[in-house]
Amino acid sequence: MKWKLIAMAAFTGIAACDKSGFTYEDAAPGGNVHYSLIDTVGIEMRTIQLDSVPASATGYLMIGGYNDPETGRTDVASNFRIARPNSFPELDERAVFDSIELILRPDTYSYGDTLPDQEWTVYQLARPLELDEDQEEFFTHQVYPVLPTPMAREALSILPRSGEKIHLRLRNDFGSTLMEKIRIKSEDVSTDILFLDYMKGLQLKATRGSAIFRIPATDSSVVMRLHYHIATSEIEEHTIDFPLSNPALQYNEVHVDRSNTPLAGLVTGPAGLLSTDAGHRAWMQSITGTVIRLDFPSLPGLKELGKYGRVMQAELVLTPVGGTYPLYALPERVTLCPVDKNQVVLDTLATTSGYQYGNLAIDLLYPEKTRYTYDVTTYCQAMVAAGTADYRGLLVIPSAGDYYSRLNRLVLGNTKYEGYRAYLKIYYLLYQ
């Protein structure tokens, strides 16, 4: 049995390990007390594909696509509403339409290679962007219908850290028609509801590229602007702005192709892909719903070492596989969440200082020292005492904010992966 292997390791070679810096409370004076460092606990690791990822109200439009040798091709498009302004100017016959454009202000985040051009495309939605009656939010796998003819298509090179805006010129026929409706005070632009029925919404996507970009879902970062002029004694240039509206309904569609990658055999469901069937590795990728589950089958066996035993401290170290970063950046904050057998998250591991995010330490010179580190003392104490029905695994998952608005991925090696293995250290007190 696995617990017997643990016991042998603990009380032969490991029992003499230095325990300085640790205190052992509740130990009776005298008697036969053993302090042991156990670092041979088996870790069962698997990649899980969640069946749905919430996509509404993430706070960001995610646009673009990139190829990753580990996780395949990922493309993200964003659907959002455009609002009418509070009021329209009076337009007479002297007002002449010039152009209409979509103006976007990316933030500094990007993922992938931003140097090559990408083809940015704008589509009009085929129906108003609304939730169905029995629906509370959108999910990343939902595909919203669009009209077949693009409103804009342009090849652009984006430098997100430059702070420059993106200007996508929309079709003139759309802009001139909209301006005429404003001029004649058409019902289509008379109220918010009628304007939504007319405008429906927009989809923004960027293809044929190698990076994902992010735009805040605010009325200052996403604006449709109509340009016109009035010819008097001189040319007077004017604009009408139509800002992004109802950011709670904005959502990002995610499309993933895992062909010819280690994850080609990954299917949705709790079984997942065992690391032992995938080269002793497992994968986590934000926003795509790909996460890692850790199980420790031998933890309950620790109580078989003796009647009076206790986990005094436990530390989990997760080491990213060398060579899988920094070109594809690691997630900065990764949480551990206890889950049941169906991957239902029940909690998030925390200490007295708050939630744990792994304290990522990156060492590019010695990548085997790059690691996420967690205090799992409370978790291990609970699992040693738990019965089969109460056992909980740990889901390795990005922090809530990053999970919905970043693509950073993580490749972990299990306990058998040479050089970059995950391991659990338990400081155990046994009184006999």
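If you're wondering where the values come from, they're calculated on a predicted model, not measured in any experiment.
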The test is side-chain contact (heavy atoms from CB on, under 4.5 Å); show your working for Val254 and Gln285 and say whether it passes.
CA-CA 12 Å; Val254 180; Gln285 185 184 32; over 6 Å; no

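- Proximity of Thr207 to Gln118: side-chain heavy atoms (C-beta onward) are nowhere separated by under 4.5 Å.
- Residues Val334 and Leu360 fail the side-chain proximity criterion, which asks for heavy atoms closer than 4.5 Å.
- Judged by distance alone, the side chains of Arg409 and Thr74 never bring a donor and an acceptor atom under 3.5 Å apart.
- A donor-acceptor contact shorter than 3.5 Å is absent between the side chain of Ser221 and the backbone of Ala217.
- In this structure, CZ in Arg208 is found 4.5 Å from CD in Glu119, a value given to the nearest 0.5 Å.
- No hydrogens or angles considered: nothing links the side chains of Tyr111 and Arg214 as a donor-acceptor pair under 3.5 Å.
- Side chains of Leu104 and Phe213 form no contact here, defined as non-hydrogen atoms less than 4.5 Å apart.
- A side-chain donor-acceptor contact under 3.5 Å links Gln343 to the backbone of Pro270.
- Put simply, the side chain of Gln313 never gets that close to the backbone of Thr377: no donor and acceptor are under 3.5 Å apart.
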As a quick check of understanding, evaluate side-chain contact (heavy atoms from CB on, under 4.5 Å) for Ile362 and Leu364, giving each step before the final call.
CA-CA 6 Å; Ile362 297 178; Leu364 297 180; 3.8 Å; yes

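- Other residues, nucleotides and ligands place no more than 12 heavy atoms under 6.0 Å from the CD1 atom of Ile193.
- For the atom pair OH of Tyr357 and CZ of Arg333, the computed distance is 4.5 Å after rounding to the nearest 0.5 Å.
- Remark: side-chain polar atoms of Tyr428 are paired, donor with acceptor, to backbone N or O of Leu302 under 3.5 angstrom.
- Counting only heavy atoms from C-beta outward, the side chains of Leu394 and Phe296 approach each other to under 4.5 Å.
- For Asp277, the CG atom is densely surrounded, since the number of other residues' heavy atoms within 6.0 Å is greater than 12.
- Distance CD/Gln356 to OH/Tyr379: 13.0 Å, rounded to 0.5 Å.
- Atom CG of Asp132 is surrounded by more than 12 heavy atoms from other residues, nucleotides or ligands within 6.0 Å.
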Could you walk me through whether Met284 and Leu412 pass side-chain contact (heavy atoms from CB on, under 4.5 Å), step by step?
CA-CA 8 Å; Met284 184 199 79; Leu412 293 180; over 6 Å; no

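- At least one side-chain heavy atom of Ile100 sits less than 4.5 Å from a side-chain heavy atom of Met224.
- Side chain of Ser298 to backbone of Gly301: no donor-acceptor contact under 3.5 angstrom is found.
- Side-chain atoms of Asn79 and Glu253 form a donor-acceptor pair, as typed in the model, at a separation below 3.5 Å.
- The two atoms that bring Ile48 and Gly272 nearest to each other are CD1-CA, 3.7 Å, heavy atoms only.
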For side-chain contact (heavy atoms from CB on, under 4.5 Å), just list the numbers for Arg171 and Gln124, CA-CA rounded to whole Å, side-chain angles, deciding distance to a tenth of an Å, and then say yes or no.
CA-CA 11 Å; Arg171 291 199 326 264; Gln124 188 172 13; 5.8 Å; no

Just distance, no hydrogens or angles: give the donor-acceptor pairs under 3.5 Å from side chains in residues 51-62, sequence neighbours left out.
residue	atom	partner	partner atom	Å
Ser56	OG	Phe138	N	2.7
Thr58	OG1	Tyr60	N	3.4
Thr58	OG1	Tyr60	O	3.2

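- Two residues are said to be in side-chain contact when any heavy atoms from C-beta on lie closer than 4.5 Å; Thr290 and Thr71 fail this criterion.
- Note that CG of Leu318 and CG of Leu336 are 6.5 Å apart. Values are rounded to the nearest 0.5 Å.
- In the model, Tyr325 has a side-chain atom that pairs as donor or acceptor with a side-chain atom of Thr370 under 3.5 Å.
- Looking only at atom types and distance, the side chain of Gln250 has a donor-acceptor partner in the side chain of Ser78 under 3.5 Å away.
- Between the side chain of Thr261 and the main chain of Leu263, a donor-acceptor pair closer than 3.5 Å is present.
- The closest side-chain donor-acceptor pair between His255 and Asp75, if any, does not fall under 3.5 angstrom.
- Glu137 CD: more than 12 foreign heavy atoms inside a 6.0 Å radius.
- The CG atom of Asp39 sits 11.5 Å away from the OG1 atom of Thr415 when rounded to the nearest 0.5 Å.
- More than 12 heavy atoms of other shown residues, nucleotides or ligands fall within 6.0 angstrom of atom NZ in Lys181.
- Judged by a 6.0 Å distance limit and a 45° cone about the ring axis, Arg81 is not positioned over the six-membered ring of Phe195.
- Between the side chains of Tyr109 and Asn408, a donor-acceptor pair is found at a separation under 3.5 Å.
- Under a 4.0 Å N-O distance rule, the pair Arg225/Asp241 qualifies as a salt bridge.
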